[in-house]
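Below is one structure, written out as structure tokens; the observations come after it.
Each residue takes its place number in the sequence, starting with 1. Counting convention: from 1, in listed order, for ligands and their atoms alike.
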Amino acid sequence: MHIEIDQDRCCASGQCVLTAEDVFTQRDEDGVVALVDPVPSSAAAQERAVEAAVLCPAGAISVHLRE
Ligand code: SF4
């Protein structure tokens, strides 16, 4: 699995960080999403990343099941 983000779509809500702080963070200057770990390896981290993608209000997170 790998994760992609669209920083142009992100509205800096922070929901993804609350859901999966081991995968997502926010830029200090404007709160826009950034990736901590674009290829989460543990099942738990992958599950949280998928949940974050579902919850993102801007549709800025894409989850790709193949590497
Ligand atoms: S949940 Fe979506 S809109 Fe909010 S910070 Fe994360 S990527 Fe950006």
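At least one N, O or S atom of Cys10 sits under 2.8 Å from atom 8 (Fe) of ligand 1. Distance check for Cys11 against atom 2 (Fe) of ligand 1: none of its N/O/S atoms falls below 2.8 Å.
Two residues are said to be in side-chain contact when any heavy atoms from C-beta on lie closer than 4.5 Å; Ile61 and Phe24 meet this criterion.
Looking only at protein heavy atoms, the nearest one to atom 2 (Fe) of ligand 1 is Cys56 SG, 2.2 Å. In terms of protein heavy-atom proximity, atom 5 (S) of ligand 1 is nearest to Gly14 N, 3.2 Å.
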What do the steps show when you test Asp22 against Val36 for side-chain contact (heavy atoms from CB on, under 4.5 Å), and what is the final call? CA-CA 6 Å; Asp22 46 355; Val36 174; 5.9 Å; no
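By heavy-atom distance, the residue among Val33, Leu18, Val32 lying nearest atom 7 (S) of ligand 1 is Val33.
A 6.0 Å sphere centred on CD of Glu21 holds no more than 12 heavy atoms belonging to other residues, nucleotides or ligands.
One distance of note links OG of Ser62 with CD1 of Ile3; it measures 9.0 Å at 0.5 Å rounding. Distance check, rounded to the nearest 0.5 Å: CD of Glu4 to NE2 of His64 gives 3.5 Å.
Atoms of ligand 1 found under 4.0 Å from any heavy atom of Ser13, numbered from 1 in the order shown, are 1 (S), 3 (S), 4 (Fe), 5 (S). Using a 4.0 Å cut-off to heavy atoms of Cys16, the atoms of ligand 1 that qualify are 1 (S), 5 (S), 6 (Fe), 7 (S).
Side-chain atoms of Gln46 come within 3.5 Å of backbone N or O of Pro40 as a donor-acceptor pair.
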